[in-house]
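Residue numbering restarts at 1 for every chain, and letters A, B, ... go by the order of the sequence lines.
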There are 2 protein chains.
Amino acid sequence: MPHDERRPARAANTAVQVRDALREAILAGEYLPGERLVEAQLCVRLEASRFNVRAALQDLAAEGLIEVQRNRGAQVRKVSMAEAVEITEVRMVVEGLIAGRAAERVTDDEAIELDEIGLLMRRAVEAGEYRRYSDLNQRLHALIRDIAGHQTADRIVETLRGQLVRHQYMLSLVPGRPQTSLPQHERIIAAIRSRDPQAAETAMRTHISSVTEALKSLKSLSYA
Amino acid sequence: MPHDERRPARAANTAVQVRDALREAILAGEYLPGERLVEAQLCVRLEASRFNVRAALQDLAAEGLIEVQRNRGAQVRKVSMAEAVEITEVRMVVEGLIAGRAAERVTDDEAIELDEIGLLMRRAVEAGEYRRYSDLNQRLHALIRDIAGHQTADRIVETLRGQLVRHQYMLSLVPGRPQTSLPQHERIIAAIRSRDPQAAETAMRTHISSVTEALKSLKSLSYA
DNA sequence: GCTGACAAAATTGTCGACAAAGTTGAGGCG
DNA sequence: CGCCTCAACTTTGTCGACAATTTTGTCAGC
């Protein structure tokens, strides 16, 4: 047996653990955009050596979650509204690709699953359970990505999504969004179910395009 | 004056220099896919400390140019034909987005520049100067990206392109390619010039889609 | 001659210490 | 009173050494 399960007194988390924990923390909003991430502090907070903290920071910088400046350390990346729009635009076309592929490859079982989520979504909106609707939204997009099985596109969408968490939170507060997006989701599901790639791509793009519009309208209201 | 220009005897290249040099080397084919990159060797080759070599390797791994396995070191990433197709598919939609935006924002001066490249391309094909045509191809795509001014999309396309260098080389050997792609390029230019985003996106997608087809046809011929 | 285990070598992983750069605050000068 | 200078402190950058792991090589036993 290579190593003992008990950690050597003060736990030394590995680089991967540190990376995931830190990403989680940033995405959870425990560090605000623009906030400086001091290595020594992170060592204490995450119970890891500076070596591993540093590696984690480098990874997250590559993901676009933080920015590092030479001799100035790392800080949580501020994504401007303009960048948020750009990111959403790229997501639009890539998720469109994914939706189209999902329509080509969907199995009967998966089609049933799509219907189920669609039904639950409608019920959630009718019951005013927006939190639940938001969860289902994520599940729907994840399922579509599963069906498509497009690794390269997946990775990109996942990365882009990570950079937007803060804005997505703001978006969820826009009144009337669920009423707007529910029919869009239903159209996406219908297109994939009927195995029509062209329609699926168009439906997905229309959907995310409306997210972009919502973002742009927020631009005038919110900070900056 | 912060530091002397003369290096301290045995030059200690910085992490950024090492990263760029190593990327260059990999893209130039000096290291073959699957080849192991031993840190100690790279230290000598690139005249840098192991610390910087390591940082560079981590960066290139994030770019998808190499793969690192714990306790097993780094090796140049082998992209399978299937992955190459996936990557090209994503490039197709993202470059489509870029082309559409370019059509929205192109200035008169830029339009002239597009025409010039188009003309040079036609001449190069007619003269059988395929090497020159290939260079112009890159210039055209770069110019379109400039016109579009979409940072997020740019970064993604650049990353994806890096992962494909080896396959692109193979592609350039497919006989008859220039004759196929020249009219496609001309259609893209025409669409952007006439400020028709929809047509520009379609033209670009058609173009890259034909690259995907060429790749797929190579699948049966080449290795693997 | 082949297979397995064991030892030796090569390679990567981790850390702590020190160097270099940036930041802040106090004091003096105009 | 404000601004500049300089020094102390904070934070990041770099390295060399050692530990852990994987890979390679050898030799006995079948």
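Taking B/H150 as the reference, nothing meets the ring-ring contact (aromatic ring centres under 6.0 Å, His included) condition, with sequence neighbours excluded. Scanning for side-chain hydrogen bond (donor to acceptor under 3.5 Å, both in side chains) contacts around A/R72 gives an empty result, with sequence neighbours left out. In this structure A/D108 satisfies the side-chain hydrogen bond (donor to acceptor under 3.5 Å, both in side chains) test together with A/R195, sequence neighbours excluded. The side-chain contact (heavy atoms from CB on, under 4.5 Å) search around A/E83 returns A/R77, A/V79, A/S80, not counting sequence neighbours. Evaluation of the side-chain hydrogen bond (donor to acceptor under 3.5 Å, both in side chains) rule for A/R91 yields A/E95 as partners, not counting sequence neighbours. By the side-chain hydrogen bond (donor to acceptor under 3.5 Å, both in side chains) test, A/T88 pairs with no residue at all, sequence neighbours left out. Evaluation of the side-chain contact (heavy atoms from CB on, under 4.5 Å) rule for B/Q138 yields B/R161 as partners, not counting sequence neighbours. Evaluation of the side-chain contact (heavy atoms from CB on, under 4.5 Å) rule for B/A15 yields B/N52, B/A55 as partners, not counting sequence neighbours.
As a whole-Å value, the separation of A/R54 CZ from D/dG13 P is 4 Å. Separating the CG atom of B/N52 from the C1' atom of D/dG16 is a distance of 14 Å, rounded to the nearest angstrom. Between A/R50 atom CZ and C/dC18 atom C1' the separation is 11 Å, expressed in whole Å. As rounded to whole Å, 13 Å separates atom C1' of C/dG16 from atom CZ of B/F51.
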Practice item. Take B/L140 and B/I189, measure what side chain to side chain contact (heavy atoms under 4.5 Å, CB included) needs, and give me the verdict at the end. Key: CA-CA 9 Å; B/L140 175 61; B/I189 291 173; 4.0 Å; yes
Practice item. Report the C-alpha distance between A/E67 and A/K78 in whole Å, list the side-chain angles of each, state the deciding distance to 0.1 Å, and finish with yes or no for salt bridge (charged side-chain N to carboxylate O under 4.0 Å, His left out). Key: CA-CA 9 Å; A/E67 271 176 337; A/K78 289 190 236 192; over 6 Å; no
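A/E110 and A/T107 are linked by a side-chain donor-acceptor pair at a separation below 3.5 angstrom, with hydrogens and angles left out of the test. Checking A/R139 against A/S134 by side-chain atom types alone, no donor-acceptor pair falls below 3.5 Å.
Note on B/S49: a side-chain N or O is less than 4.0 Å away from OP1 or OP2 of D/dC15.
Against DNA chain D, the stretch residues 34-45 of chain A makes heavy-atom approaches under 4.0 Å through A/R36, A/L37, A/V38, A/E39. Listed by residue number, A/N71, A/R72 are the residues of residues 57-78 of chain A with a heavy-atom contact under 4.0 Å to DNA chain C.
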Which protein N or O atoms sit under 3.5 Å from an N or O of nucleotides 7-10 of chain D?
none

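No salt bridge links B/D135 with B/R132; every basic N to acidic carboxylate O contact stays at or beyond 4.0 Å.
End-to-end axis angle of the helix from C/dG1-D/dC30 to C/dG30-D/dC1, from C1' rotation axes over five pairs per end: 10° (rounded to 10 degrees).
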